J.: 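Take this structure, written in structure tokens, and hold onto it; I'll ask about it next.
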Amino acid sequence: MFQFNAEGAIATCRAEARYRDKLTAMPWVGRFWVYSVRNGMLIPLEGEVGWEYPEGTRLYFKGRTTEIHYEFAS
């Protein structure tokens, strides 16, 4: 499930049952912010993702894009 901010960019994405190992499916969430246009595409420059446990989210990645290179498919 995706949620969008007031500007129409993705604010969060969520999966109710994403496997954290081969046997355990758990809720998973990603949050994104600080959007910027790079090479004509609006992308998030900061974000974090993690598993949602009953006591709260346990992040396994939090980062900031400092450089990006990509090509459009033809």
Side-chain angles (χ1 to χ4, degrees):
M1 176 185 328
F2 289 88
Q3 291 184 332
F4 299 88
N5 63 23
E7 292 77 37
I10 296 170
T12 65
C13 61
R14 178 180 173 78
E16 290 300 322
R18 183 175 168 102
Y19 285 90
R20 69 177 172 94
D21 57 39
K22 291 183 180 181
L23 301 174
T24 310
M26 295 182 60
W28 175 93
V29 66
R31 296 177 183 88
F32 310 97
W33 59 92
V34 185
Y35 277 81
S36 179
V37 176
R38 302 292 169 96
N39 294 337
M41 289 183 56
L42 183 64
I43 63 167
L45 298 181
E46 296 184 22
E48 62 188 21
V49 294
W51 305 107
E52 290 195 332
Y53 286 79
E55 60 274 9
T57 303
R58 291 188 192 168
L59 297 180
Y60 68 84
F61 175 81
K62 183 174 184 174
R64 178 180 318 137
T65 301
T66 58
E67 187 174 335
I68 187 166
H69 302 276
Y70 55 85
E71 295 179 19
F72 292 100
S74 52

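Counting begins at 1 with the first residue of the sequence. Just so you know, these numbers come straight off a predicted model, no measurement behind them.
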J.: Determine whether F32 and Y70 fall in the same hydrophobic cluster, where Ile, Leu, Val, Met, Phe, Trp and Tyr are linked whenever their side-chain heavy atoms lie under 4.5 Å apart.
T.: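 Each belongs to a different hydrophobic cluster.
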
J.: Should V34 and I43 be regarded as members of a common hydrophobic cluster, given that ILVMFWY residues are connected when their side-chain heavy atoms come within less than 4.5 Å of each other, either directly or indirectly?
T.: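 Per the 4.5 Å side-chain linkage, V34 and I43 are co-clustered.
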
J.: Walk me through it: do R38 and S36 pass the test side-chain hydrogen bond (donor to acceptor under 3.5 Å, both in side chains)?
T.: CA-CA 6 Å; R38 302 292 169 96; S36 179; 3.3 Å; yes

J.: Would you say I10 and L42 are hydrophobically clustered, going by side-chain heavy atoms of ILVMFWY under 4.5 Å?
T.: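 Yes, it is one cluster - the side chains of I10 and L42 are joined through contacts under 4.5 Å.
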
J.: Which pair of non-hydrogen atoms, one from T65 and one from P44, has the smallest distance, and what is that distance?
T.: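 Looking at all heavy atoms of both residues, the closest pair is OG1-O, 4.0 Å.
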
J.: Is L59 reachable from F61 through a run of I, L, V, M, F, W or Y residues, each pair having side-chain heavy atoms under 4.5 Å apart?
T.: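 Different clusters.
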
J.: Apply side chain to side chain contact (heavy atoms under 4.5 Å, CB included) to T57 and E48, showing your working.
T.: CA-CA 10 Å; T57 303; E48 62 188 21; over 6 Å; no

J.: What heavy-atom pair brings G50 and Y60 nearest, and what distance separates the two atoms?
T.: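 Looking at all heavy atoms of both residues, the shortest contact is CA-CD2, 3.8 Å.
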
J.: Which atom names give the shortest non-hydrogen contact between W51 and R18, and what distance separates them?
T.: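 Of all heavy-atom pairs spanning W51 and R18, the closest is CZ3-O, 3.1 Å.
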
J.: Is it true that W33 and F2 fall in one hydrophobic cluster, defined by side-chain heavy atoms closer than 4.5 Å?
T.: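 Cluster IDs for W33 and F2 differ.
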
J.: Could you pull out the closest heavy-atom pair between M26 and E52, with the gap in Å?
T.: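 For M26 and E52, the tightest heavy-atom pair comes out as CE-O, 3.7 Å.
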
J.: Side-chain contact test, heavy atoms from C-beta onward, threshold under 4.5 Å: evaluate it for R31 versus V29 and give yes or no.
T.: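 R31 reaches V29 side chain to side chain.
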
J.: Check whether more than 12 heavy atoms from other residues, nucleotides or ligands sit under 6.0 Å from atom CD of E55, and answer yes or no.
T.: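 Yes, enclosed.
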
J.: Ignoring hydrogens, what is the shortest heavy-atom contact between V49 and G30? Give both atom names and the distance.
T.: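 That closest heavy-atom pairing would be CG1-CA, 3.6 Å.
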
